[in-house]
Student: 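Here's a structure for you.
Residue numbering restarts at 1 for every chain, and letters A, B, ... go by the order of the sequence lines.
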Amino acid sequence: MIGTLDSRVPAGPLPEKWRRHQNNSKLVAPNNRRRFEIIIVGTGLAGGSAAATLAEQGYNIKSFCYQDSPRRAHSIAAQGGINAAKNYQNDGDSVYRLFYDTIKGGDFRSREANVYRLAEVSNSIIDQCVEQGVPFAREYGGLLANRSFGGAQVSRTFYARGQTGQQLLLGAYQALCRQIAAGTVTMFPQTEMLDLVLVDGHAKGIITRDLITGEIVRHAADAVVLATGGYGNVFYLSTNARGCNVTATYRAYKKGALFANPCYTQIHPTCIPVSGDYQSKLTLMSESLRNDGRVWVPKRKEDCGKPPNDIPEADRDYYLERKYPSYGNLAPRDISSRSAKEVCDEGRGVGPGGRGVYLDFKDAIARLGEATIRERYGNLFDIYEKITGDNAYKAPMRIYPAVHYTMGGLWVDYNLMSNVPGLHVIGEANFSDHGANRLGASALMQGLADGYFVLPYTLPNYLAGQIGKRPSTDHPEFVKAESEVRERTKRMLDVDGKRSVDSFHRELGLLLWDKCGMARNAPGLQEAIARIPQLREEFWNNVTVPGYGENFNQSLERAGRVADFLEFGELMCRDALARDESCGGHFRQEHQTPDGEAVRDDENFADVFAWEYQGDGAEPKLHPEPLVFESVHLATRSYK
Amino acid sequence: MNFKLKIWRQLGRDSKGKLKPYEISGISPATSFLEMLDILNEQLTAHGTEPVAFDSDCREGICGTCSLTINGEAHGPSHPAAACQLYMREFKDGATITIEPFRARSFPIVKDLVINRSALDRIVQAGGFVSARTGSAPEANSTPVPKHKADLAMEAAACIGCGACAAACPNASAMLFTSAKISHLALLPQGQPERRRRVLRMVRQMDAEGFGNCTNTYECEAVCPAEISVSFIAKMNREYAIASLGERLGE
Ligand SMILES: Cc1cc2nc3c(=O)[nH]c(=O)nc-3n(C[C@H](O)[C@H](O)[C@H](O)COP(=O)(O)OP(=O)(O)OC[C@H]3O[C@@H](n4cnc5c(N)ncnc54)[C@H](O)[C@@H]3O)c2cc1C
Ligand code: SF4
Ligand code: FES
């Protein structure tokens with residue numbers, strides 16, 4: 001049974017909490033570190049940095065990823081940049097301001113102390129990455145350059161061309177490689193975690209499937225860290241990589257870990273619109289484009305079919321600039337996305353199906369010259385041209401919102417440990433820092449903060465009492481978990497029905513996009529909650545998974561992930577239904593102002609919603625964690 | 001659009017593989033190449049046959065997972081681009097398209113179009129890093145780096161680790177990949193302390209993995225989706241010569 005949720009936020013003034021906590025945290029002596037084995041699932045920014053750092057400290061690490069190399073984790077795809085409170089631009093930035101922007105950006109639905117700590121360690125991340133050789137953009141004087149991102153009025157985003165995630169991940173990957181060579185990390189690529197093993201209520205191991213040989217293996221450890229990224233692919237179409245999944249965190253949920261705020265998903269405003277039903281993924285155009293691009297649609301529906309360059313200034317509606325004069329095109333993501341949906345719902349969208357808005361660089365090119373724009377965003381313009389066949393130097397880009405990031409995740413305390421002792425969760429996989437909406441350039445910051453600078457300090461609080469408690473993989477709990485995994489795999493292969501795995505995934509995705517996407521309401525959510533179990537039922541009776549379990553089988557991999565999405569989607573809708581307010585990316589149509597702005601209900605919903613699994617088919621149990629705001633005043637978010 | 005496909009099918013590493021013919025029709029020109037294969041796989045699955053195994057993840061040219069040789073060219077006819085960035089509008093309606101895995105002796109085939117590229121990871125493990133202990137870094141702006149150097153380092157660092165360079169090279173050489181990492185770190189002040197050790201170890205690992213030598217055919221540069229320049233190979237050779245001289249002199 002789970003009692004009241006203890007966030008373990010230390011006492012004391014906000015700026016003192018982290019230092020005090022570090023001073024009061026337990027330590028594991030260097031000679032004892034060797035005696036611990038730690039499983040880290042995931043090699044993205046969070047898992048890669050954690051594995052490298054903990055291994056360097058002397059722990060034995062087992063690192064897992066489903067890709068063929070740890071360097072291919074989805075963090076590689078992040079384009080825009082990473083925030084830090086360096087104030088290099090001398091524009092008045094500070095740790096407090098980064099903290100405040102982040103908590104306000106999250107619509108006051110995140111934990112103050114966690115967010116403050118994130119802002120505090122942000123500067124060390126930049127130092128660390130530069131030291132590893134991350135080639136951040138620089139000014140002519142040789143100092144680091146910055147750019148602006150949505151939801152901020154200072155320039156605090158560090159970047160490496162349009163490939164910031166790639167460069168930061170390669171930094172972490174190289175640090176990981178150094179440890180692999182040193183023998184402190186054992187790397188298991190192409191290995192998927194299919195279950196978590198609890199022994200006496202503690203997370204002590206995992207069950208994996210070798211994706212090449214199909215072998216099911218038990219791994220025991222003293223602690224388990226999940227760094228398995230986000231679940232945006234529940235929507236089928238998203239900017240996430242094809243393999244991104246909820247399996248690891250969902251399996252942990254089914255073993256008792258609480259899932260927090262699953263309905264908080266981020267819909268990114270600037271993606272390339274959907275072009276057809278064969279489409280397998282959506283491509284993001286970095287938000288940094290909004291520094292220089294202006295978003296508009298025609299004022300009149302009749303103009304939507306005209307070539308954009310034929311529409312005179314007077315007939316264009318720069319709706320973000322009009323509605324949010326102080327932030328303009330840099331309004332936060334949830335607001336920008338919703339505004340795009342609104343103008344398209346009004347029939348003023350452009351392009352096929354009317355689901356698109358223009359992002360126009362004409363003025364920026366006139367002001368700065370094409371060469372400067374090319375230098376800043378050349379690779380993005382190239383990507384755009386490859387996908388659409390259009391040249392964005394000549395005519396505006398067409399963009400539309402797409403699922404991009406998931407703020408929800410497993411519930412963790414200030415130590416980044418879940419309610420299951422020993423199970424730690426870092427990066428996008430946890431829920432902790434972004435509330436109901438994440439600001440641009442803050443996920444990379446969080447992943448690296450968790451992995452380099454938080455977990456290595458907080459993990460010993462758990463490990464210190466655990467010397468010699470690692471179970472053997474012959475323990476009955478391991479035997480049981482393994483046979484459950486085998487049984488499930490076999491069941492999937494045995495259905496031998498008529499529908500492909502992808503067809504189920506697409507149907508679920510469309511349903512969620514429709515009912516639990518940019519706008520949600522109670523009847524729609526109830527409909528989805530009724531429909532998803534039927535879809536699940538059909539899956540288990542009519543899916544077809546060709547091939548065998550004992551070798552490389554991509555259909556089987558996907559089937560396992562989709563089976564979990566089919567359960568998780570329902571949890572998302574239940575959370576969205578229970579949260580009877582609008583906040584950040586969660587927009588309940590019942591709760592809006594006359595001009596369509598979200599209306600929060602702090603009186604009743606200033607909580608984290610953490611859900612406990614109660615068995616298949618049973619409604620999950622809600623454990624609210626009240627959010628306590630000691631330093632900030634809960635304001636209505638305004639970007640006007 | 002309609003296409004005739006010839007696809008390499010191979011059960012496992014040690015099995016014999018062969019090209020098998022397939023036909024596909026009704027493809028929109030805006031479909032990506034991998035989506036075309038998705039559609040084929042859906043059709044194969046519907047007919048109860050095993051779909052074609054091929055690897056991909058990001059599908060936007062950055063993760064380096066996709067690894068197809070299309071009509072004899074690593075990543076296909078569109079440059080610079082990874083196979084996942086290729087669209088069917090690049091092909092003529094009715095064309096025959098041959099699809100094989102990346103071929104290089106150091107990349108064994110796992111199944112069909114999927115290969116094992118762990119050799120590239122081992123080259124990085126040999127020394128492709130800066131030993132910067134977490135938490136010990138100085139203030140980031142304390143070492144200015146001239147913009148042109150930082151930009152050049154970035155150009156080298158852009159490598160996505162796909163291995164197309166080795167697949168395209170008649171000698172199956174991984175020099176472009178290796179030289180990109182060596183150059184990236186050698187160009188930055190932070191990479192200096194380990195500069196010599198790094199190049200010696202990485203080059204030796206590359207040889208140990210069975211990659212061939214460079215005979216200046218520049219096929220690698222032509223197929224590289226990240227536009228890594230062959231001038232980095234020249235830089236690596238220089239770095240290696242200096243380092244091995246230093247090693248012989250006991251410096
Ligand atoms: C296109 C795009 C652009 C973005 N741009 C930015 C940006 O500019 N700035 C910013 O701050 N954020 C950005 N983000 C968000 C940010 O990239 C991610 O939130 C962040 O990188 C997640 O890192 P992570 O380490 O938590 O997870 P990931 O990098 O997703 O890594 C997950 C890891 O877990 C492994 N894994 C998953 N499931 C399993 C399993 N069952 N078994 C074994 N291994 C498993 C994977 O193999 C992988 O190694 C962007 C996201 C996208 C999609
Ligand atoms: S150098 Fe180019 S072709 Fe070779 S691995 Fe890197 S990105 Fe791929
Ligand atoms: S799938 Fe990522 S580069 Fe092609």
Side-chain angles (χ1 to χ4, degrees), chain A residues 52-53 56 67-69 71-72 74 76-77 88 124 126-128 130-133 135-144 160-161 163 166-167 170 174-175 177-178 180-181 189 212 241-243 275-276 278-281 283 383 386-387 389 452-453 456 500 502 544 546-547 551-552 554-555, chain B residues 12 28 30-32 34-35 38-39 42 45-46 48-51 53 55-60 62-65 81 85 87 89 110-111 114 116-118 120-121 124-126 128-135 137-141 144-147 150 153-154 157-158 161 184-185 188 190-191:
Chain A
T53 303
E56 195 174 68
Q67 291 92 349
D68 71 341
S69 162
R71 67 178 288 152
R72 308 200 201 285
H74 185 53
I76 200 94
Y88 283 163
S124 309
I126 302 304
D127 298 342
Q128 179 65 25
V130 165
E131 192 60 14
Q132 291 172 339
F136 282 121
R138 289 181 182 264
E139 299 163 350
Y140 282 102
L143 301 180
L144 291 158
R161 275 205 220 151
Q163 286 143 268
Q166 180 199 30
Q167 294 309 315
L170 291 180
Q174 286 162 203
C177 282
R178 178 173 157 242
I180 295 172
I212 306 286
R242 292 282 284 172
S275 66
Y278 46 79
Q279 206 153 342
S280 59
K281 77 155 287 168
T283 303
I383 292 175
K386 255 176 219 152
I387 295 175
Y452 285 133
F453 296 109
S500 72
D502 270 15
T544 170
N551 62 8
F552 189 77
Q554 292 173 315
S555 307
Chain B
S28 144
T31 312
S32 76
L34 300 189
E35 285 162 357
D38 290 341
I39 295 172
E42 286 285 291
T45 306
T49 23
E50 249 203 86
D55 238 349
S56 75
D57 205 24
C58 74
R59 296 206 172 185
E60 53 185 69
I62 191 74
C63 72
T65 306
Q85 295 172 293
Y87 285 78
R89 67 174 87 86
V110 172
K111 184 176 182 180
V114 179
N116 178 333
R117 281 168 290 190
S118 53
L120 299 180
D121 284 322
V124 179
Q125 286 159 19
F129 46 75
V130 172
S131 301
R133 192 181 313 112
T134 305
E139 152 55 44
N141 256 348
V145 181
K147 184 175 182 329
M154 178 64 222
H184 158 211
L185 295 175
L188 294 172
Q190 291 81 9

Student: Side chains of B:His184 and A:Pro135: closer than 4.5 Å at any heavy-atom pair?
Tutor: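 Of all side-chain heavy-atom pairs linking A:Pro135 with B:His184, at least one is under 4.5 Å.
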
Student: In terms of heavy-atom pairs under 4.5 Å with chain B, which of A:Ser124, A:Ala181, A:Gly133 leads?
Tutor: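 Greatest number of close heavy-atom pairs with chain B: A:Gly133.
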
Student: Heavy-atom cut-off 4.5 Å, strictly under: side chain, backbone, both or neither for B:Ala126 against chain A?
Tutor: neither

Student: Could you verify whether a donor N or O on one side chain and an acceptor N or O on the other, from A:Arg242 and B:Ser56, lie under 3.5 Å apart?
Tutor: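 A:Arg242 vs B:Ser56: no donor-acceptor pair found between side chains.
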
Student: When you measure from the side chain of A:Asp68 to the backbone N and O of B:Asn116, does any donor-acceptor pair fall under 3.5 Å?
Tutor: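 Checked: no pair found.
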
Student: What closest approach, in Å, do B:Glu35 and A:Lys281 show between heavy atoms, and which atom pair accounts for it?
Tutor: OE2-N, 4.1 Å

Student: Do the side chains of B:Asp121 and A:Arg71 get close enough for a salt bridge, i.e. N-O under 4.0 angstrom?
Tutor: no

Student: Given a strict heavy-atom distance threshold of 4.5 Å, which part of A:Ile180 is in contact with chain B: side chain, backbone, both, or neither?
Tutor: side chain

Student: Please state whether the side chain, the backbone, both or neither of A:Phe453 comes within less than 4.5 Å of a heavy atom of chain B.
Tutor: side chain

Student: So, A:Gln128 side chain and B:Gly135 main chain: donor-acceptor pair closer than 3.5 Å or not?
Tutor: yes

Student: Checking A:Gln163 against chain B: side chain, backbone, both or neither under 4.5 Å from a heavy atom?
Tutor: side chain

Student: Quick one: does any side-chain atom of A:Arg72 pair with a main-chain N or O of B:Gly161 as donor and acceptor, under 3.5 Å?
Tutor: yes

Student: Of the backbone (N, CA, C, O) and the side chain (C-beta and beyond), which part of B:Val145 lies under 4.5 Å from a heavy atom of chain A, both, or neither?
Tutor: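 Contact with chain A involves both backbone and side-chain atoms of B:Val145.
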
Student: Side chain of A:Gln67, backbone of B:Thr65: donor and acceptor closer than 3.5 Å?
Tutor: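 Not confirmed, A:Gln67 side chain does not pair with B:Thr65 backbone.
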
Student: Below 4.5 Å from any heavy atom of chain A, which atoms of B:Ser131 appear? Answer side chain, backbone, both or neither.
Tutor: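 Both the backbone and the side chain of B:Ser131 come within 4.5 Å of chain A.
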
Student: Heavy-atom distances under 4.5 Å only: say whether B:Asp38 touches chain A with side chain, backbone, both or neither.
Tutor: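 Contact with chain A is through the side chain of B:Asp38 alone.
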
Student: Please classify the contact between A:Thr283 and chain B as side chain, backbone, both or neither, with a heavy-atom cut-off of under 4.5 Å.
Tutor: both

Student: Measure across B:Met154 and A:Gln166 and return the closest heavy-atom pair with its distance rounded to 0.1 Å.
Tutor: CE-OE1, 4.4 Å

Student: Pick one of side chain, backbone, both or neither for B:Gln85, based on which atoms fall under 4.5 Å of a heavy atom in chain A.
Tutor: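 For B:Gln85, backbone and side chain are both near chain A.
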
Student: Could you pull out the closest heavy-atom pair between A:Gln167 and B:Ala157, with the gap in Å?
Tutor: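 Looking at all heavy atoms of both residues, the shortest contact is NE2-O, 3.0 Å.
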
Student: In terms of heavy-atom proximity below 4.5 Å to chain B, should A:Leu143 be classed as side chain, backbone, both, or neither?
Tutor: both

Student: Side chain, backbone, both or neither: which part of B:Ala46 has a non-hydrogen atom closer than 4.5 Å to chain A?
Tutor: neither

Student: At a 4.5 Å cut-off on heavy atoms, which part of B:Asp55 comes close to chain A: side chain, backbone, both, or neither?
Tutor: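 Looking at B:Asp55, backbone and side chain both touch chain A.
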
